[in-house]
Amino acid sequence: MFRRASWLLVALFFGAGHSGVAGETDDAWIRGVFTGKSPRTVVLEETDAWQRASVFAEHAPDSFVLVGSGQSMQPLYAPGTIMVLQRFPFELLERGQTVLYRNQANKVVAHVLVARAHDGWRVAGLNNRGHDMEPVREANLVGVVIAAFQPLPRTQRVQLATLSR
């Protein structure tokens, strides 16, 4: 039986870190795209980010972890974001969720669901001028982002270590 990650689980794992890019990602709308159903990034030390993502995936059914790359989902998800994805029934998808799908070139793409269409879902990257021409369908859906963790950049890690001495 399919279950969504409970809000209690989300609160437990997001409780100790801080959200990613302040300001622009605080709003449900980013660059004209509704992202209100996509989890915001939690910024943590790299080892903590990996540990948090792994534990989150262990507790959410049909979940797995991967690292994002590319610029299309910035500022919501920067390259190197550790994402927890969940296999998700196609009929339960909602506008504003970030999904991973496999395109016709066999590349896995993470973009936001923007509109339901007769042939599937239209998706868009936050840095793209328009939606992707290829729809997301049940057959090419990989999963839905249910948690995201951004490791601190190395320079910030060094600065934090210096400040703690």
Here the pair of heavy atoms bringing Gln71 nearest to Pro79 is NE2-CG, 3.5 Å
Are the side chain of Glu134 and the backbone of Gln104 linked by a donor-acceptor contact shorter than 3.5 Å? yes
Scanning both residues in full, the closest heavy-atom pair of Asp119 with Arg137 reads O-NE, 3.0 Å
Between Phe90 and Gly120, what is the shortest heavy-atom contact and its length? CZ-CA, 4.3 Å
Rounded to the nearest 0.5 Å, how far apart are CZ of Arg122 and CG of Leu113? 11.5 Å
Steps toward side-chain contact (heavy atoms from CB on, under 4.5 Å) verdict (Val43, Leu152): CA-CA 6 Å; Val43 180; Leu152 283 169; 3.3 Å; yes
Same hydrophobic cluster for Val136 and Met133, using side-chain heavy-atom links shorter than 4.5 Å among ILVMFWY? no
Full working for side-chain contact (heavy atoms from CB on, under 4.5 Å) between Asp62 and Phe88: CA-CA 8 Å; Asp62 296 319; Phe88 208 85; over 6 Å; no
Would you check if the side chain of Gln86 reaches a backbone N or O of Pro61 as a donor-acceptor pair within less than 3.5 Å? yes
With rounding to the nearest 0.5 Å, note down the distance linking OG1 in Thr35 to CD1 in Ile30. 3.5 Å
Examine Val112 and Trp29 and state if one hydrophobic cluster contains both, with Ile, Leu, Val, Met, Phe, Trp and Tyr joined whenever side-chain heavy atoms are less than 4.5 Å apart. no
Tell me, do Pro151 and Glu45 make a side-chain contact under 4.5 Å, heavy atoms counted? no
Taking the side chain from Arg40 and the backbone from Thr25, do they hold a donor-acceptor pair closer than 3.5 Å? yes
Smallest heavy-atom separation, Thr41 atom then Leu76 atom, equals OG1-O, 2.8 Å
Would you mind reporting whether Val145 and Tyr77 have side-chain heavy atoms less than 4.5 Å apart? yes
Straight-line distance of Phe64 CZ to Leu100 CG, nearest 0.5 Å: 6.5 Å
Interatomic distance, Phe34 atom CZ to Glu94 atom CD [nearest 0.5 angstrom]: 9.0 Å
Under 3.5 Å, side chain of Arg31 to main-chain N/O of Gln74, donor-acceptor pair present? yes
What pair of heavy atoms forms the shortest contact from Asp132 to Tyr101, and how long is it? OD2-OH, 2.6 Å
What I'd like to find out is whether the side chain of Asp48 reaches to under 4.5 Å of the side chain of Arg52, using heavy atoms alone. no
Would you mind reporting whether Val142 and Leu85 have side-chain heavy atoms less than 4.5 Å apart? no
Shortest non-hydrogen separation from Arg95 to Lys37 and the atoms involved: O-CG, 3.3 Å
Within a strict 4.5 Å, meaning less than it, do heavy atoms of the Val108 and Leu66 side chains meet? no
Which residues pass the salt bridge (charged side-chain N to carboxylate O under 4.0 Å, His left out) test with Arg116, sequence neighbours left out? none
Run Val65 and Trp50 through side-chain contact (heavy atoms from CB on, under 4.5 Å) and show every step you take. CA-CA 9 Å; Val65 177; Trp50 277 107; 3.8 Å; yes
Heavy-atom side-chain contact between Val109 and Val123 under 4.5 Å: no
Evaluate side-chain contact (heavy atoms from CB on, under 4.5 Å) for Met83 paired with Thr98, printing each intermediate quantity in order. CA-CA 11 Å; Met83 294 184 276; Thr98 297; 5.6 Å; no
Side chains of Asn128 and His111: closer than 4.5 Å at any heavy-atom pair? yes
Strictly distance-based, threshold 3.5 Å: is any side-chain N or O of Ser38 a donor or acceptor partner for the main-chain N or O of Gly96? yes
